[in-house]
Amino acid sequence: MRIRIQSFQWATFLFLSTVLLCLLAACTTPPDTDANTPPPPSLPASSAPTPEPTPDRRTHAAQGVVFEVPADWTQAEGSDLFYTEDSRQVYGLNGASPLGSYTPQAFFEELTVYYQTGGEFDRLDLPEALSPWQSKDGTACYTTDLTGYHGSILYCTKIIIAPQKNLVLTFCAQANADDVEDPAPVWETLNTLCSSLTFEVGSQDYISGNTFLCGDGSQLCLEEDGSFRYYQSADDHENQYYEGIYEVYYGQAALEQIASMTEYGLTMEELEQVLSMNRNGYIPGGSSPADYLYGTGELEDNRTRYSVCLDTFYAVILDNQRLVQTPDQVTEGGNRVLYLGYYLPDLELADMTNANAASHTQWQLQRETDNP
């Protein structure tokens, strides 16, 4: 008998309702900085290429992540769930949501209360703590496993929390309890699926080696060799431009680089606080204190917000070495400028702050920089 996907959608609704509850609760709780269990060290995002699947498996990309499923599984229409070959079990990605300013531990505690008092399961096995876990590409995560029964349906749910990606994921398996006396084999299959997890979010450097059109009509051309030219006008490459060398940092490396540049007076604690607030939903165009209240729902706001995370946070340093006013008039020397902000892949846009001038700028991606 093929298991009914409609029953599985009940679990989807249950999870999404839980995430919404947790995020609303987070809005009234000051963010913590630590969970009870430290995560394992993560590898730099740029050093973790997406693995190639084996011949009997295929990759599936959805909601900012990639995972592998057996080649003979059939995808359920309109979802990221898959029927097994005999159609008697269902596995896959059930939902994804931003973590927001919630900490993994606070999220887990609210989740525990919700499941223990909600009455949605006839029976529920819920662990008492999160466990550190690492995805296949080296991303540090927390995880917990829920085993529950609702009527004749067995639900195995693996919740994966990735703070540096600002994501909460739930991978699920469903089976008829009458067919499965012991859930261990179901968990073994689900854990195998999750062991192939990699993240698309913040997995590469989106700025180095690219050309951007800036909001004032200027153009920034970043070469692959670490040199750059910053033209006053995108239409004039002969006059009025700076040239020099640049550095790009993203993720934790960006925070550490900015904090080390003490002349700007930005501490690691301050940077992490800003990042925590922006995880509730980011509005391009510069931020203000009121944006935090909009993001938490305390003020009504219909503006489109974008998901940002640690790994989409950037620091770009331009070391201006000469000013070319005309081909015959070149002035040696210049200044060093720090830009910091987020790259938004959905918009192909770097939303940046010039830390030297305390001004906002946007860099719209045009193309990969042509070799000179």
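Computed from heavy atoms alone, side chains included, the values below leave out hydrogens, waters and symmetry copies. Remember, predicted model here, so these are calculated numbers, not experimental data.
A donor-acceptor pair shorter than 3.5 Å can be found between the side chains of D216 and S218. For the 3.5 Å distance criterion, the side chains of D346 and Y306 fail to qualify, holding no donor opposite an acceptor. Between the side chains of T143 and S131, no donor-acceptor pair of N or O atoms lies under 3.5 Å.
At a threshold of 4.5 Å between non-hydrogen side-chain atoms, the residues T144 and W133 do not count as touching.
The neighbour count for E263 CD, taken as heavy atoms of other residues, nucleotides or ligands under 6.0 Å away, is above 12.
Interatomic distance, CG of L124 versus OH of Y155, reported as 13.0 Å (0.5 Å rounding). Going from atom CZ of F121 over to atom CG of L146 covers 7.0 Å, rounded to the nearest 0.5 Å. Atoms CD1 and CE, from I317 and M261 in turn, are 4.0 Å apart once rounded to the nearest 0.5 Å. Rounding to the nearest 0.5 Å gives a distance of 8.5 Å between OG1 of T74 and CD of E85. L111 CG to I159 CD1: the interatomic distance, rounded to the nearest 0.5 Å, is 4.5 Å.
Put simply, the side chain of T198 never gets that close to the backbone of K136: no donor and acceptor are under 3.5 Å apart. Under a 3.5 Å cut-off, the side chain of D122 and the backbone N or O of G151 do form a donor-acceptor pair. Judged by distance alone, the side chain of D236 and the main-chain N or O of Q232 form no donor-acceptor pair under 3.5 Å. With S276 contributing its side chain and E272 its backbone, the two residues share no donor-acceptor pair below 3.5 Å. Here the side chain of Q364 pairs a donor or acceptor atom with the backbone of E348 at under 3.5 angstrom. Put simply, the side chain of Q75 gets close to the backbone of S79: a donor and an acceptor are under 3.5 Å apart.
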Run F199 and L167 through side chain to side chain contact (heavy atoms under 4.5 Å, CB included) and show every step you take. CA-CA 10 Å; F199 289 85; L167 277 177; 4.1 Å; yes
- Verify side chain to side chain contact (heavy atoms under 4.5 Å, CB included) between Y264 and N356, making sure each step is shown before the conclusion. CA-CA 8 Å; Y264 293 100; N356 292 51; 2.8 Å; yes
Problem - Derivation and outcome, side-chain hydrogen bond (donor to acceptor under 3.5 Å, both in side chains), residues Y230 and N320 - result: CA-CA 9 Å; Y230 201 161; N320 299 301; over 6 Å; no
| Should T312 and L344 be marked as a side chain to side chain contact (heavy atoms under 4.5 Å, CB included) after you check the CA-CA gap, both sets of side-chain angles, and the distance that decides it? | CA-CA 7 Å; T312 57; L344 306 174; 6.0 Å; no
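A pairwise comparison of heavy atoms in H237 and A234 identifies NE2-O, 3.4 Å as the closest pair. Heavy-atom minimum distance, L190 versus C156: CD2-O, 3.7 Å. Shown here for T59 and E68, the closest heavy-atom pair between the two residues is CG2-CG, 4.1 Å. In terms of heavy-atom proximity, L99 sits nearest to N166 at N-OD1, 3.1 Å. Taking all atoms of both residues into account, the shortest heavy-atom contact from A175 to Q89 is CB-CG, 3.8 Å. Nearest approach of P284 to Q362, heavy atoms of both residues: CB-NE2, 3.8 Å.
Here the rule is ring pair (Phe, Tyr, Trp, His ring centres under 6.0 Å) with Y282, and of Y343, Y342, F313 only Y342 fits it.
Not counting sequence neighbours, the partners of A61 by the side-chain contact (heavy atoms from CB on, under 4.5 Å) test are V66, E200. By the ring-ring contact (aromatic ring centres under 6.0 Å, His included) test, Y339 pairs with W363, sequence neighbours left out. Residues satisfying the side-chain hydrogen bond (donor to acceptor under 3.5 Å, both in side chains) criterion with Y242, sequence neighbours excluded, are absent altogether. With sequence neighbours excluded, the residues satisfying ring-ring contact (aromatic ring centres under 6.0 Å, His included) with Y314 are Y250. Taking S227 as the reference, E223, D225 meet the side-chain contact (heavy atoms from CB on, under 4.5 Å) condition, with sequence neighbours excluded. For Y246, the ring-ring contact (aromatic ring centres under 6.0 Å, His included) test picks out no residue, with sequence neighbours left out. Under the salt bridge (Lys or Arg N to Asp or Glu O under 4.0 Å) criterion, R367 pairs with D370, not counting sequence neighbours. Residues passing the salt bridge (Lys or Arg N to Asp or Glu O under 4.0 Å) test with E332 are R322, sequence neighbours excluded.
Using a 4.5 Å cut-off between side-chain heavy atoms of Ile, Leu, Val, Met, Phe, Trp and Tyr, V113 forms no hydrophobic cluster with any other residue. Through direct or indirect side-chain contacts shorter than 4.5 Å among Ile, Leu, Val, Met, Phe, Trp and Tyr, Y241 is connected to Y231, V324, V330.
Applying the salt bridge (charged side-chain N to carboxylate O under 4.0 Å, His left out) test to residues at least two apart or on different chains, the pairs with a partner in residues 142-163 are D145-K158. Applying the salt bridge (charged side-chain N to carboxylate O under 4.0 Å, His left out) test to residues at least two apart or on different chains, the pairs with a partner in residues 245-260 are E247-R336.
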